[in-house]
Peer 1: 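The structure under discussion is supplied below as structure tokens; questions concerning it will follow.
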Amino acid sequence: MVRTRFAPSPTGYLHIGGVRTALFCWLFARRHGGQFILRIDDTDRDRNVEEALRPILEGLRWLGIDWDEGPEVGGPHAPYYQSRRVDRHRTAVERLIEVDAAYRDYATPEEIQAEREAARREGRPFVYSRRWMATTPAEAARFEAQGRRPVVRLKMPREGTLVVEDLVRGTVEFQWAQEQDHVIQRSDGSCLYHLASAVDDHDFQITHVIRAEEHLSNTPRQVFIARALGYPLPRYAHLPLVAEPGSRTKLSKRKLAKYLRNRDFAQLMEHGRRILERLGREVDLETFNPVIVDFYRQVGYLPEALLNYLALLGWSLDDRTEHFTREELVQRFSLEKVNRAPASFDPQKLRAFQVRHMLAVPVQRRVELVLPFLQQAGLVGSPPSAEERLRLTGVVEAAGDRIKVAGDILEFVEFFVPADRLPYDEKAVTKRLRQPPEAKGLVSRFREELATAERFEAEELERCLHGFVEREGIKVGQIIHALRVAITGKTVGLGMFETMAILGRQQCLDRIDRALGLV
RNA sequence: GGCCCCGUCGUCUAGCCAGGUUAGGACACAGGCCUUUCAAGCCUGCAGCACGGGUUCAAAUCCCGUCGGGGUCACCA
């Protein structure tokens, strides 16, 4: 039985690189009919874990990455919080000391630091002298009498080679002598991450440790712990890092200002910012950041589009297939096809996936996706009236691929406000209504055609306009741009005839009247 | 700096293990077509094997080296 785990620490947000790792863990487990476990690495945290965890769980759920064991779902190996497993960890530490794989060390941080400095000055690699290692109870008592408090350190081998068969990177060799006597238990008795991780992975019967490359160099100490404790070793797979746009450096939440200098990234952020503005919401950079998964939920990305894009960040099936549903990913995923080089995050490509997935969403579901945005902006009721819903459906249908993300519906306010509250773009009015000498007359004569048109439907209206154009002896362009500004207040929008049909006769007439009044 | 990992168009990648392809696809970009605006769509184009040696009839692919990039070196996770 394959068992994988994702082990986030409760930081208060779900990082795009983190969720890519979670996705690969999840896909691998699902692909092999195994189980995916969520463990919370909250060692050394005294902040509000529940609160800091919520965005992470929400993000995973939003993407459809479900866990078989972990917070909120429980499981046979509970608890799934490292902070509640300290007894297990301490027992393991005691055992490591018993088998001489670890020792109590009474050095102060300053003394260790001094040794490090000395090594650096002499240009040799730092190897702890183990001067304050207590090998007997008497020695320990003597140190304690000096008021020293011990940490527990790993007694790492000082010769030999460790060979790891990594499922992504192949054979990787480490020299034991390069490893430090890492601290696994603090002087206050609490245990450190590497110890806890190795112990919990074993307790949870994790078969495959799949994580980002930054953990590759941590592998020896975890292998050392597992071996000393007599655990069977999990298989390891180290995934390529998710890198900054156009770079190979690890993507980081804190470097937003730097990324904003990248044109594509800035565009992505700007798009989101515009949607939030129309929603009347403040932009909080702590959570509204394209490095964080929640950004995409807030502006109305499709979870399946993000998932699809993320899957291709370091993995590919072949030389042509790019479009995957969640189910297809589960069927086709394999660690063998995971790439080794870092993959940089490309906002444009993500957007392309979003557009493609959005296009595949049936109109009814698109209406549902878009509705909350209009409601938040106060443009339709909660719940919407039958009339509002009908109009919305018409807009969504006519908008077609113009709605890239659900929040884009807010580009089309003209359909959701009455004539007297329609905003007019001054520049557009000048250019299309005031400046062309014939514009006002044409629009006002066409108004009478609209007033008497038989059926107020797109096709009929198109016929109507073409007839008008012929009789007036003008070109379509001479009337339609002016008409668009008069009716919608701006120069860009949906098809003119669909727009009029959706608004209905009275709205169109009222708007033309109002526009003419402005000229 | 030590150790480890990585290096195919600007980006994501196929090809590498089992040498022979006009080095393929996608996104982006440029131009064109279509057109009532904006999108979309269609067509065309631009663009890559980091470098240097070897092995071989033949190297993106195998070997060695160089250079470049990244990760990691806490009583963080």
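Small disclaimer: the values here were computed from a predicted structure and weren't measured. Naming convention: chains lettered A, B, ... in sequence-line order (proteins, then strands); numbering from 1 in each chain.
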Peer 1: Flag the pair A:Glu411 and A:Arg274 as a salt bridge only when some basic side-chain nitrogen lies within less than 4.0 angstrom of an acidic carboxylate oxygen.
Peer 2: yes
Peer 1: Quick one: A:Arg320 CZ to B:C27 P, roughly how many Å, whole number?
Peer 2: 14 Å
Peer 1: B:C27 P sits how many Å from A:Asn308 CG, rounded?
Peer 2: 13 Å
Peer 1: Could you check whether the side chain of A:His182 and the base of B:A74 have a donor-acceptor pair of N or O atoms closer than 3.5 Å, going by distance alone?
Peer 2: no
Peer 1: Distance between the P atoms of B:G19 and B:C57, in whole angstroms?
Peer 2: 15 Å
Peer 1: For the P atoms, the ones on B:G24 and on B:U44, what distance do you get once it is rounded to whole angstrom?
Peer 2: 14 Å
Peer 1: Rounded off to whole Å, could you give me the CZ-to-C1' distance for the A:Arg248 and B:A50 pair?
Peer 2: 12 Å
Peer 1: Using only modelled atom types and a 3.5 angstrom limit, is any donor from either the side chain of A:Ser187 or the base of B:C75 paired with an acceptor on the other?
Peer 2: yes
Peer 1: Using atom P in both nucleotides, what's the gap between B:C27 and B:C42 to the nearest angstrom?
Peer 2: 9 Å
Peer 1: Say we look at B:C51 and B:U8: how far apart would their P atoms be, to the nearest angstrom?
Peer 2: 11 Å
Peer 1: Between B:G69 atom P and A:Glu214 atom CD, what is the distance in whole Å?
Peer 2: 20 Å
Peer 1: Hey, is the side chain of A:Arg169 pairing donor to acceptor with the base of B:C5 inside 3.5 Å?
Peer 2: no
